[in-house]
Amino acid sequence: MNNLRRPVIAGNWKMYKTRDEALQFIYAVNQEVPNREVVESVVCANDVFLRDLVKRQGENIKIGAQNMHYAENGAFTGETSPLMLETTGVEYVIIGHSERRAMFNESDETVNLKVHAAIKHELTPIICVGESLEIREAGTTDAVVKNQVVKAYLNIDRHQALKTIVAYEPIWAIGTGKTATPEQAEETIKNIRGVLKELYGEDVSSRVRILYGGSVNTKNVDSLLAQENIDGALVGGASLDAASYLTLVNAAKK
Ligand SMILES: O=C(CO)COP(=O)(O)O
């Protein structure tokens with residue numbers, strides 16, 4: 001981590017937790033999470049109860065969505081628009097998670113449209129990028145991730161770029177218990193920061209937060225956050241339990 005950038009720990013609950021379970025979690029962590037000036041603690045939950053969570057969130061925890069459509073309205077059965085998310089009071093939205101890219105036809109183009117829509121609606125986009133095992137083994141990770149980043153930021157200006165967060169999530173490390181080593185994660189994240197520098201200059205690239213995601217847990221979080229360019233984590237499984245989540249947010253306090 002680096003002093004220029006406030007750490008972010010974002011839980012991605014995916015399709016887990018009922019409304020009651022989600023509310024219990026929020027009550028359990030509200031008073032326990034670090035001050036927001038020190039760590040940005042976020043949980044990204046299901047759309048159905050986002051508003052309930054926002055109403056009950058404490059001062060130091062914020063709620064995010066896991067996806068949204070890029071259009072404000074339209075004939076898109078089953079989708080949620082940025083306008084609708086705005087009315088829930090959420091402040092963050094995950095965009096382009098690899099599960100959505102793989103299972104729900106998200107492309108670099110729709111990711112870019114969603115980044116534009118999020119910024120327009122004052123939602124902080126957490127933009128996910130990352131390579132498959134095949135790509136890692138072929139040695140083309142840097143090129144593939146660079147391409148994802150460049151396309152996600154198409155026609156985004158420097159002022160808008162400062163409002164974004166990137167999450168580097170190697171697909172082979174998601175839900176597999178197989179974490180990238182801190183050095184592997186740092187290497188790719190440093191490369192992503194380099195791409196942002198090419199696009200926007202150092203003033204911007206040194207201020208955009210870049211998170212690591214993929215089997216982050218209470219045991220490996222310290223070594224990941226110790227890396228210069230890793231500014232936090234996007235966490236699936238280990239964010240579901242309140243005690244484990246609190247350990248992760250407290251690890252980012254140092
Ligand atoms: O996909 C992830 C977060 O978005 C990572 O999930 P896990 O932490 O369960 O590997």
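Just follow the structure's listing: the first ligand is 1, and inside any ligand the first atom is 1. Along the sequence shown, residues carry numbers from 1.
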Next item on the list: Using the side chain to side chain contact (heavy atoms under 4.5 Å, CB included) rule, pick out the option among Asp47, Asn46, Asp52 that qualifies with Leu50.
Entry: Asp47

Note to self: If we check side chain to side chain contact (heavy atoms under 4.5 Å, CB included) with Glu169, which of these qualifies: Val216, Val129, Ile174?
What the structure shows: Ile174

Check: Just how far is it from atom CD of Glu40 to atom CD of Glu91, taken to the nearest 0.5 Å?
Finding: 9.0 Å

Note to self: Measuring from non-hydrogen atoms of Ala173 to any atom of ligand 1, is the shortest distance under 4.0 Å?
What the structure shows: yes

Check: What do you reckon, does Gly214 put a non-hydrogen atom under 4.0 Å from ligand 1?
Finding: yes

Item checked: Shortest reach to atom 5 (C) of ligand 1 by a heavy atom, considering only Ala238, Cys44, Gly236 -> Gly236

Note to self: Taking CD in Gln31 as the centre, count heavy atoms belonging to other residues, nucleotides or ligands within less than 6.0 Å. Is the count above 12?
What the structure shows: no

Checklist line | Residues, nucleotides or ligands: over 12 heavy atoms within 6.0 Å of Asn105 CG | finding: no

By number and element, which atoms of ligand 1 are closer than 4.0 Å to a non-hydrogen atom of [X]?
X: Ser215; answer: 7 (P), 8 (O), 10 (O)
X: Leu234; answer: 3 (C), 4 (O)
X: Gly237; answer: 7 (P), 8 (O), 9 (O)
X: Glu169; answer: 1 (O), 2 (C), 3 (C), 4 (O), 5 (C)

Notebook entry, point to check: In the protein, which heavy atom is nearest to atom 6 (O) of ligand 1, and how far is it?
Noted result: Lys14 NZ, 3.3 Å

Item checked: Structural part of Asn12 in contact with ligand 1, heavy atom criterion under 4.0 angstrom -> side chain

Item checked: Given Arg6, Lys190, Arg207, Arg193, the one that forms salt bridge (charged side-chain N to carboxylate O under 4.0 Å, His left out) with Asp231 -> Arg193

Next item on the list: Please determine if Gly175 has a nitrogen or oxygen closer than 3.5 Å to a nitrogen or oxygen of ligand 1.
Entry: yes

Check: Will you find, in the side chains of Tyr212 and Thr188, an N or O donor that is under 3.5 Å from an N or O acceptor?
Finding: no

